[in-house]
Amino acid sequence: MAQIPEVVFQTYDKGWGQFNSLDLIEDKRIVIFALPGAFTPTCSNFQLPAYEEAYDEIREQMIDEVYCLSVNDGFVMNAWFDEQNIKKVKSIPDGNGEFTHAMGMSVSKSNLGFGFRSWRYAMIVDQCEIEMTFVEEGKIGNCYQDPYMVSDPQTVLKYLRSK
């Protein structure tokens, strides 16, 4: 199994803060789902709300926490979570895209004016080791499609229940 990259994330919650990706995950089994951007249609209408709805069920499968990662800064992630009324899923603002790049999931979305963003995927991480990934097909820069077929919580739950 591969280990997740070590990256320091910058956050803002009543003041600047930061956390290390390995510290966040150490001694835990978690789900991270990554998406192209806050306030975008598929992310806002389907993926984030679906994970919020499935949060308790995912946690029942020996998962310590569920995180949403996006190449957005902490201010944007906070505003988006507030607007979406997200109370359970935790955000990871990958503002510089360092984690996304290190994972090999950075794609250009310049055709949409987004710059570099994350390809849509989900993964289960057990004590910093990647246990399983669910990567949407067709990963390519400036893709006009926005697939959302295998990084959804139902697919993740199907895998978790099989273990």
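The analysis underlying the following values was restricted to heavy atoms, covering all of them including side chains, and did not include hydrogens, waters or symmetry mates.
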Is there a side-chain contact between I4 and L22 (heavy atoms, below 4.5 Å)? yes

Does the side chain of S110 come under 3.5 Å of the side chain of N142 through a donor N or O and an acceptor N or O? yes

On a heavy-atom basis, the closest approach of A34 and Q47 is O-NE2, 4.1 Å

Could you report the tightest heavy-atom contact between S70 and G37, atom names first, then the distance? OG-CA, 3.4 Å

Taking the side chain as every heavy atom from C-beta outward, state whether E83 and F39 have any pair of such atoms under 4.5 Å apart. yes

Student check: side-chain heavy atoms of N72 and W80 closer than 4.5 Å: no

Rounded to the nearest 0.5 Å, the CG atom of D27 sits from the CG atom of D64 at a distance of 9.5 Å

Decide yes or no for P5 and E98: does some side-chain heavy atom of the first lie under 4.5 Å from some side-chain heavy atom of the second? no

Whether the side chain of E52 engages the backbone of K87 through a donor-acceptor N/O pair (distance < 3.5 Å, no angle test) should be reported. yes

Could you see if V8 belongs to whatever hydrophobic cluster contains L24? Use Ile, Leu, Val, Met, Phe, Trp, Tyr and a side-chain cutoff under 4.5 Å. no

Polar side-chain atom of N78 near backbone of D13 as donor-acceptor pair, under 3.5 Å: no

Residue that, paired with F99, satisfies side chain to side chain contact (heavy atoms under 4.5 Å, CB included) out of I92, V71, L69: L69

Would you give the length of the straight line joining atom SG of C143 to atom CG of L112, rounded to the nearest 0.5 angstrom? 9.5 Å

Counting only N and O atoms by type, is there a donor-acceptor contact under 3.5 Å from the side chain of Q61 to the main-chain atoms of L157? no

Under a 4.0 Å N-O cut-off, is there an ion pair linking E65 with K28? no

Pair K163 + E131: basic N to acidic O under 4.0 Å: no

V76 backbone acceptor or donor facing D73 side chain under 3.5 Å: yes

Can W119 and F134 be said to form a ring-ring contact (aromatic ring centres under 6.0 Å, His included), step by step? CA-CA 11 Å; W119 189 253; F134 308 87; over 10 Å; no

Are R29 and M62 side-chain neighbours, meaning at least one heavy-atom pair lies under 4.5 Å? yes

Going through the distances and angles, do I130 and Q3 end up as a side chain to side chain contact (heavy atoms under 4.5 Å, CB included)? CA-CA 6 Å; I130 299 169; Q3 185 170 357; over 6 Å; no

Path from Y148 to V107 over hydrophobic side-chain contacts below 4.5 Å: no

With distance as the sole test, does R117 use its side chain to make a donor-acceptor pair with the main-chain N or O of S108 at under 3.5 Å? no

In this structure, would V135 and I32 fall into the same cluster of hydrophobic residues linked by side-chain contacts under 4.5 Å? yes

Check whether any side-chain heavy atom of P49 lies under 4.5 Å from a side-chain heavy atom of Q84, and answer yes or no. yes

Taking atom CD of Q145 and atom OG1 of T42, what is their separation to the nearest 0.5 Å? 11.5 Å

Under the side chain to side chain contact (heavy atoms under 4.5 Å, CB included) rule, what do F116 and T100 come out as? Steps first, then yes or no, please. CA-CA 10 Å; F116 284 92; T100 299; over 6 Å; no

Less than 4.5 Å apart, any side-chain heavy atom of C68 and any of L35? yes

Just verifying a value: how many Å separate S118 OG and K109 NZ, rounded to the nearest 0.5 Å? 9.5 Å

If you apply the rule side chain to side chain contact (heavy atoms under 4.5 Å, CB included), what do you find for M103 with M123, and how did you get there? CA-CA 11 Å; M103 284 291 299; M123 65 179 166; 3.6 Å; yes

dist F114:CZ -> T40:OG1 (nearest 0.5 Å) comes out at 6.0 Å

Backbone N or O of D146 within a donor-acceptor pair of the E136 side chain at under 3.5 Å? no

Single-linkage hydrophobic cluster F81~F75, side-chain heavy atoms < 4.5 angstrom: no

Does the side chain of I58 come within less than 4.5 Å of Y51's, by heavy atoms? yes

Shared hydrophobic cluster, Y159 / V31 (ILVMFWY, side-chain heavy atoms < 4.5 Å): yes

Run the numbers on M132 and L160 for side chain to side chain contact (heavy atoms under 4.5 Å, CB included), then give the verdict. CA-CA 10 Å; M132 183 65 172; L160 290 169; over 6 Å; no

Roughly how far, to the nearest 0.5 Å, is NZ of K139 from OG of S106? 8.0 Å

